[in-house]
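Here is the structure we will look at.
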Amino acid sequence: MIQPLSRLRRRLQEIPRETVIAVIVAVLAGSVVFWTAETLFPYHSSNHDEGVYLQQATLLLSGQLELYAGDLTDVFRPWFFIEDGSQLYPKYTPVPAAMYALSMALFDEPRVTLAVVAAVTTALVYRLGSLAFDRRVGLVASVVYAASPMAVITTSVFLPYAPTTMLNLTFAVLYLRAVRENSIRSAGLAGLAVGIAFFARPYTAVLFAIPFITHAAWTVVGSVRDRGVWPLTDPARRNALTAAFGLTGVAVALAYNARMTGSPLVFPYEVFAPMDGPGFGERRILGHSIEYTPELAIEANGYVLRYLATRWFTAGL
């Protein structure tokens, strides 16, 4: 008994100081988010989408993807639900809701998921900074992230942004580990993470993955040019596995579309508001419509960047 304890003590002493502090920061981040969700948003925020995700979580716990309203379909429809005959289904994919459902099932408290997401994301920021630079940079990055009002507030409410960020950062960390260590396992897990991220928020996941896809293509082409197509080079094997698991997630998302909308290429939110998407021109959702022009895009994004720098980033200016 003494020997295993001494081995454990020796291993703990070998853990870098920055890593220990980063773990403490991650736990504090999770605690602050839980406290914020409990005290600042006891009845949720003014964003009605929270109710959609919690309703989805309840549906998943009862083994359903839709509400079966029958004759009451025209009388009662929850926010952002789509009418399909006698059934109602949400415009959002079920990935974030599944995360909330898990803590509802285990603890009868969905805010546990918010705390876990905050802690894990903070730890991932530390790990990403450590891989890209060094542990000190990673630690500073994790503190700056965890202290930002954007991270605290968006993670304290039942919206998809923080869970999707966690999935995307998981992909980034695993991808870099696969490259650094030539790890097939990390490559496969990276593909799984980005596949789930695509199911959660397709557009966000694709935008986040584009630089990594570009790097993967560049390394594969370079290795094939230097050593030929067969046997497969290490970059080719790694990235083929990442792509396979990633495309599996895409396939699941398309299968979900087919189940809900009848077409794998039509997402539920497209059915709900066909004119609410990226691009210029008329954009419309529910009773609100606007002509989205390049001038309006510059003005709107200017506000976003200014508010990010002065209000939502750590310490502002």
Side-chain angles (χ1 to χ4, degrees), residues 30-31 33-121 154-168 170 192-193 195-202 204-205 248-262 264 267-269 271-272:
S31 302
V33 161
F34 189 87
W35 179 83
T36 304
E38 279 270 293
T39 58
L40 189 60
F41 302 115
Y43 304 108
H44 311 303
S45 69
S46 60
N47 191 324
H48 301 328
D49 292 13
E50 285 195 87
V52 182
Y53 290 104
L54 291 174
Q55 178 72 60
Q56 271 188 294
T58 304
L59 282 173
L60 293 174
L61 288 175
S62 63
Q64 296 176 293
L65 293 174
E66 307 107 329
L67 284 169
Y68 296 92
D71 295 336
L72 296 177
T73 302
D74 294 329
V75 180
F76 171 74
R77 184 191 302 184
W79 179 255
F80 277 0
F81 269 66
I82 301 159
E83 182 180 344
D84 182 20
S86 63
Q87 301 172 4
L88 298 164
Y89 64 89
K91 69 174 273 192
Y92 296 124
T93 64
V95 175
M99 296 184 186
Y100 304 139
L102 182 61
S103 59
M104 289 167 69
L106 295 176
F107 309 104
D108 197 30
E109 175 51 84
R111 291 180 178 89
V112 173
T113 293
L114 305 181
V116 171
V117 167
V120 171
T121 305
T154 57
T155 314
S156 299
V157 292
F158 295 99
L159 296 173
Y161 312 114
T164 307
T165 298
M166 182 185 70
L167 291 169
N168 283 327
T170 301
L192 182 63
I196 299 173
F198 179 89
F199 193 9
R201 285 179 66 83
T204 304
T248 300
V250 173
V252 172
L254 298 183
Y256 176 80
N257 291 346
R259 166 74 170 76
M260 305 306 288
T261 70
F267 289 82
Y269 56 76
V271 175
F272 185 86

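Positions are given from 1 along the sequence. The figures that follow rest on heavy atoms only: side chains count, while hydrogens, waters and symmetry mates do not.
Pairing each heavy atom of Gly30 with each of Ala118, the nearest pair is CA-CB, 4.0 Å. Here the closest non-hydrogen pair linking Thr154 and Ala162 is O-CB, 4.1 Å. Nearest approach of Leu114 to Ala37, heavy atoms of both residues: CD1-CB, 3.9 Å. When all heavy atoms are compared, the tightest approach of Ala197 to Thr164 is O-CG2, 4.5 Å. Minimum heavy-atom separation, Pro264 to Leu254: O-CD2, 3.1 Å. Between Asn168 and Ala205 the shortest heavy-atom distance is OD1-CA, 4.0 Å.
Proximity of a side-chain donor or acceptor of Arg111 to a complementary backbone N or O of Pro42 within less than 3.5 Å is detected. Judged by distance alone, the side chain of Thr261 and the main-chain N or O of Pro268 form no donor-acceptor pair under 3.5 Å.
Side chains of Ser156 and Leu40 form no contact here, defined as non-hydrogen atoms less than 4.5 Å apart. Contact check for Asn47 versus Val157: no side-chain heavy atoms found under the 4.5 Å cut-off. Taking 4.5 Å as the limit, some side-chain heavy atom of Pro94 sits within range of a side-chain heavy atom of Phe199. Within the 4.5 Å cutoff, the side chain of Val95 has no heavy atoms near those of the Pro163 side chain.
Thr248 contributes atom OG1, which lies 10.5 Å from atom CD1 of Ile196 (distance to the nearest 0.5 angstrom). For the atom pair Met260 CE and Gln87 CD, the distance stands at 8.0 Å (nearest 0.5 Å).
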- Could you please spell out the steps behind the side-chain contact (heavy atoms from CB on, under 4.5 Å) verdict for Glu66 and Phe81? CA-CA 9 Å; Glu66 307 107 329; Phe81 269 66; over 6 Å; no
- Yes or no on side-chain contact (heavy atoms from CB on, under 4.5 Å) for Thr155 and Thr121, after CA distance, side-chain angles and deciding distance? CA-CA 10 Å; Thr155 314; Thr121 305; over 6 Å; no
- Item | Derivation of the side-chain contact (heavy atoms from CB on, under 4.5 Å) call for Val271 and Tyr89 | CA-CA 11 Å; Val271 175; Tyr89 64 89; 3.8 Å; yes
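Judged as a ring pair (Phe, Tyr, Trp, His ring centres under 6.0 Å), and not counting sequence neighbours, Trp35 has no contacts.
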Please tabulate, for the side chains in residues 50-60, all donor-acceptor contacts under 3.5 angstrom to protein atoms that are two or more places apart in sequence or on a different chain.
from, atom 1, to, atom 2, distance (Å)
Glu50, OE1, Phe158, N, 2.8
Glu50, OE2, Ser45, N, 2.6
Glu50, OE2, Ser45, OG, 2.7
Gln56, NE2, Tyr92, O, 2.9
Thr58, OG1, Leu54, O, 3.0

All N/O donor-acceptor pairs, side-chain side in residues 100-107, below 3.5 Å, sequence neighbours left out:
from, atom 1, to, atom 2, distance (Å)
Tyr100, OH, Leu159, N, 3.4
Tyr100, OH, Leu159, O, 2.8
Ser103, OG, Tyr100, O, 3.1
Ser103, OG, Glu109, O, 3.3
Ser103, OG, Pro110, O, 3.3
Ser103, OG, Thr113, OG1, 2.7

